[in-house]
Engineer: 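To start, I am sharing the structure in question, which I have written as structure tokens.
Start at 1 with the first residue, then count along the sequence.
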Amino acid sequence: MSNVFADMIASFDVAREKNRLAEFKEARERGLAARGVREKELAAARESGTTTAVTPNDAGRARLIGRLSEIEDLLNLKNYQDAETRLRAMLQEFPGEPRVFFALGQAYSLAARDAFDENLQAQRLDRAAAFYRQAAQIASRDTDAALLSRAHEALGRILAFLDKPQEAAKEFEAAIQLGPIAGGAHKEALAGKAALTAKP
């Protein structure tokens, strides 16, 4: 699923965005707990010289990828409501999985682009930003570096459109510091940060 922020609007409500974390507090706490477990397993695996402990089982990973592929198909058909419903169910099935939060961010971004009502656009962009932020907070640099890169870059683009250059620069820089990871957004973050400095 590609990043889609070409039609961002200036009416994005930052105050509402901050409140979205409270709305999804329980899911976020489960995600952070799962991240802590993954990081402990990774440390133990490194000490023992194996990565088996942090490798998701094939069946679970295949199921996750399959579900996200189905979501992509729904988004291509602009069936945003069904995509959101399925993704929210996935938060229960895959607690602590940053890819689900990231996919929700993309779903709301696409829905915002296709909305004609400005208030509806603002609400959807508000939620998209909150989900990208959650993905960035839950993702592990060790196991989810590409996703982390993309989440920071997506937030940076939102903040840039909001005319919040300092906050946007921090998000772009976070993506840049992760380096040119395969599947990440290093190049896009460099371009985003350069665009900020080019503004008069």
Side-chain angles (χ1 to χ4, degrees), residues 1-29 31-32 35-36 39 84 87 91 96-115 117-181 183-200:
M1 291 182 278
S2 60
N3 292 327
V4 284
F5 293 102
D7 298 319
M8 285 293 171
I9 60 173
S11 58
F12 185 84
D13 191 332
V14 177
R16 284 206 312 249
E17 175 192 342
K18 292 178 180 177
N19 292 333
R20 294 302 179 192
L21 290 178
E23 181 180 349
F24 302 106
K25 180 180 178 182
E26 184 179 341
R28 179 172 177 267
E29 288 177 348
L32 290 172
R35 173 182 172 177
E39 289 178 344
E84 179 195 357
L87 284 166
L91 288 176
E97 177 50 67
R99 289 164 184 79
V100 179
F101 286 101
F102 186 84
L104 276 161
Q106 289 186 309
Y108 274 106
S109 295
L110 284 164
R113 185 181 67 175
D114 288 349
D117 179 78
E118 289 190 0
N119 289 329
L120 182 59
Q121 282 184 321
Q123 290 172 7
R124 288 174 176 175
L125 290 172
D126 182 8
R127 288 176 179 254
F131 280 120
Y132 282 128
R133 191 177 300 279
Q134 287 176 311
Q137 290 175 338
I138 293 172
S140 166
R141 182 168 184 159
D142 291 318
T143 59
D144 310 305
L147 184 86
L148 189 58
S149 173
R150 293 171 64 197
H152 281 300
E153 192 271 340
L155 276 173
R157 294 182 71 180
I158 288 175
L159 293 167
F161 276 104
L162 282 172
D163 197 24
K164 301 284 185 180
Q166 291 183 342
E167 295 176 44
K170 288 180 181 179
E171 297 297 338
F172 288 137
E173 185 60 30
I176 292 167
Q177 289 302 313
L178 289 168
I181 305 161
H186 184 260
K187 186 183 296 184
E188 293 84 352
L190 286 170
K193 188 173 181 181
L196 289 177
T197 58
K199 287 184 178 181

Engineer: Of all the heavy-atom pairs spanning Ala136 and Leu148, show the shortest one and how long it is.
Structural biologist: O-CD1, 3.2 Å
Engineer: Supply the atom-to-atom distance Glu97 CD to Asp144 CG, rounded to the nearest 0.5 angstrom.
Structural biologist: 6.5 Å
Engineer: When rounded to the nearest 0.5 angstrom, what is the spacing between CD in Glu167 and CG in Leu155?
Structural biologist: 10.5 Å
Engineer: Taking the ring of Tyr132 and the ring of Phe102, is the distance between their centroids below 6.0 Å?
Structural biologist: yes
Engineer: For side-chain contact (heavy atoms from CB on, under 4.5 Å), just list the numbers for Leu91 and Leu104, CA-CA rounded to whole Å, side-chain angles, deciding distance to a tenth of an Å, and then say yes or no.
Structural biologist: CA-CA 10 Å; Leu91 288 176; Leu104 276 161; 4.0 Å; yes
Engineer: Could you tell me whether the side chain of Leu178 reaches within less than 4.5 Å of the side chain of His186, counting heavy atoms only?
Structural biologist: no
Engineer: As a quick check of understanding, evaluate side-chain contact (heavy atoms from CB on, under 4.5 Å) for Glu171 and Arg133, giving each step before the final call.
Structural biologist: CA-CA 10 Å; Glu171 297 297 338; Arg133 191 177 300 279; 4.0 Å; yes
Engineer: If I take atom NE2 from residue His152 and atom CD from residue Glu188, how far apart are they, to the nearest 0.5 angstrom?
Structural biologist: 15.0 Å
Engineer: Rounded to the nearest 0.5 Å, what separation is found between the CZ atom of Arg99 and the CD1 atom of Ile138?
Structural biologist: 12.0 Å
Engineer: From Glu173 CD over to Leu196 CG, what is the distance, rounded to the nearest 0.5 angstrom?
Structural biologist: 11.5 Å
Engineer: Between Gln123 and Tyr108, is there a side-chain donor-acceptor contact under 3.5 Å, judged purely by atom types and distance?
Structural biologist: no
Engineer: So, does Ser149 use its side chain to make a donor-acceptor pair with the main chain of Ala145 at under 3.5 Å?
Structural biologist: no
Engineer: Is the shortest heavy-atom distance from the side chain of Lys170 to the side chain of Gln166 under 4.5 Å?
Structural biologist: no
Engineer: How long is the straight-line distance from CZ of Arg124 back to CZ of Arg113, given to the nearest 0.5 Å?
Structural biologist: 12.5 Å
Engineer: If only atom types and distance count, is the side chain of Asp117 paired as donor or acceptor with the main-chain N or O of Leu120 below 3.5 Å?
Structural biologist: yes
